[in-house]
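Below is one structure; the comments refer to it alone.
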Amino acid sequence: MILSNELDKISPAVLSAQKELGGVKKGAANPFFKSKYADLTAVIEALKDVLNNNGLSMVQTQRDGNVMTTLLHSSGQYISSATPIICAKQNDPQALGSAITYARRYGLQSILCLPAEDDDGERAMARKPLKTTSKKGDF
C-alpha cells in the first residue's frame, strides 16, 4: 500500500463514503458457472457518485504486472494499493483483458472494503471439497 504523508483529510472522507455505500448489485451472468456477479461497470456505478460527493475520486493504472487502484482526495491526499494481474493464458489478449478487468474490479472492492458478493472466482478455482474425519466425541 502506498499512502500520502498525511491522511487527516482523506480518512474522514473515506469513512463518510463507506457509511453511504451499499452492496453492489449482481447484474452480470456467468453462464459457464450458472451464477451472477457484479461486473466492473456495476462496481464503478455503485462507487462513483458516493466517492465524488465526499471529495474522492478513483484512478486505476497498470504497473509491474499489477493494477494500481488509487483513491484521491480533493486535498491531494491519496491511498493506493496493488492487485496482481493473473492471466490464465499467456499471449492471449482476451485472457489478458479479462484478467485486467478482474483485477480492477477486486482492486476497487478491496480498497474500500466492499464485500465480495460474487462467487465466480471461487468456482473458477475448481477446488475439491475438504474431507473431514471425525471421531466420536470430536466437536
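Computed from heavy atoms alone, side chains included, the values below leave out hydrogens, waters and symmetry copies.
- Residues passing the side chain to side chain contact (heavy atoms under 4.5 Å, CB included) test with Pro12, sequence neighbours excluded: none.
- Side-chain contact check for Asn5 and Gln77: no donor-acceptor pair (N or O, by modelled atom type) lies under 3.5 Å.
- Met58 CE to Ser80 OG: the interatomic distance, rounded to the nearest 0.5 Å, is 14.0 Å.
- Rounding to the nearest 0.5 angstrom, the gap separating the OG1 atom in Thr70 from the CD1 atom in Ile111 is 6.5 Å.
- Side-chain heavy atoms closer than 4.5 Å link hydrophobic residues (I, L, V, M, F, W, Y) into clusters, and following such links, possibly through other members, connects Leu112 to Val43.
- Residues Leu71 and Val59 fall into different hydrophobic clusters, defined by Ile, Leu, Val, Met, Phe, Trp and Tyr side chains chained together at heavy-atom separations under 4.5 Å.
- For Asn91, there are no side chain to side chain contact (heavy atoms under 4.5 Å, CB included) partners at least two apart in sequence or on another chain.
- With Gln60 contributing its side chain and Thr69 its backbone, the two residues share no donor-acceptor pair below 3.5 Å.
- Using modelled atom types, one side-chain atom of Asp92 and one backbone atom of Gln94 make a donor-acceptor pair closer than 3.5 Å.
- Between the side chain of Asn54 and the backbone N or O of Val50 there is at least one donor-acceptor pair closer than 3.5 Å.
- No side-chain heavy atom of Arg104 sits under 4.5 Å from any side-chain heavy atom of Leu108.
- For the residue pair Glu20 and Asn53, no side-chain donor N or O sits within less than 3.5 Å of a side-chain acceptor on the partner.
- Each of Leu40, Leu96, Val67 was scored for a side chain to side chain contact (heavy atoms under 4.5 Å, CB included) with Thr101, with one residue passing: Leu40.
- Of all heavy-atom pairs between Cys87 and Ala99, the closest is CA-CB, 3.9 Å.
- Remark: Leu21 CG to Leu47 CG distance equals 5.5 Å, nearest 0.5 Å.
- Between atom OG1 of residue Thr41 and atom CZ of residue Arg105 there is a gap of 10.5 Å, rounded to the nearest 0.5 Å.
- Atom OH of residue Tyr78 and atom CG of residue Leu72 lie 9.5 Å apart, to the nearest 0.5 angstrom.
- Ala103 and Pro84 make their closest contact through CB-O, 3.7 Å (heavy atoms, listed as atom of the first residue, atom of the second, distance).
- At a threshold of 4.5 Å between side-chain heavy atoms, the hydrophobic network of Ile, Leu, Val, Met, Phe, Trp and Tyr places Ile10 and Met68 in two separate groups.
- The CE atom of Met1 sits 7.5 Å away from the OG atom of Ser110 when rounded to the nearest 0.5 Å.
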Item to complete: Would you please test Asn52 and Ser57 for side chain to side chain contact (heavy atoms under 4.5 Å, CB included) and show each step?
Response: CA-CA 6 Å; Asn52 293 166; Ser57 61; 4.3 Å; yes

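- Hydrophobic clustering keeps Leu56 apart from Ile2 (ILVMFWY residues linked when any side-chain heavy atoms are closer than 4.5 Å, directly or through intermediates).
- Both Leu7 and Leu51 are assigned to one and the same hydrophobic cluster, defined by single-linkage of ILVMFWY side chains at heavy-atom distances under 4.5 Å.
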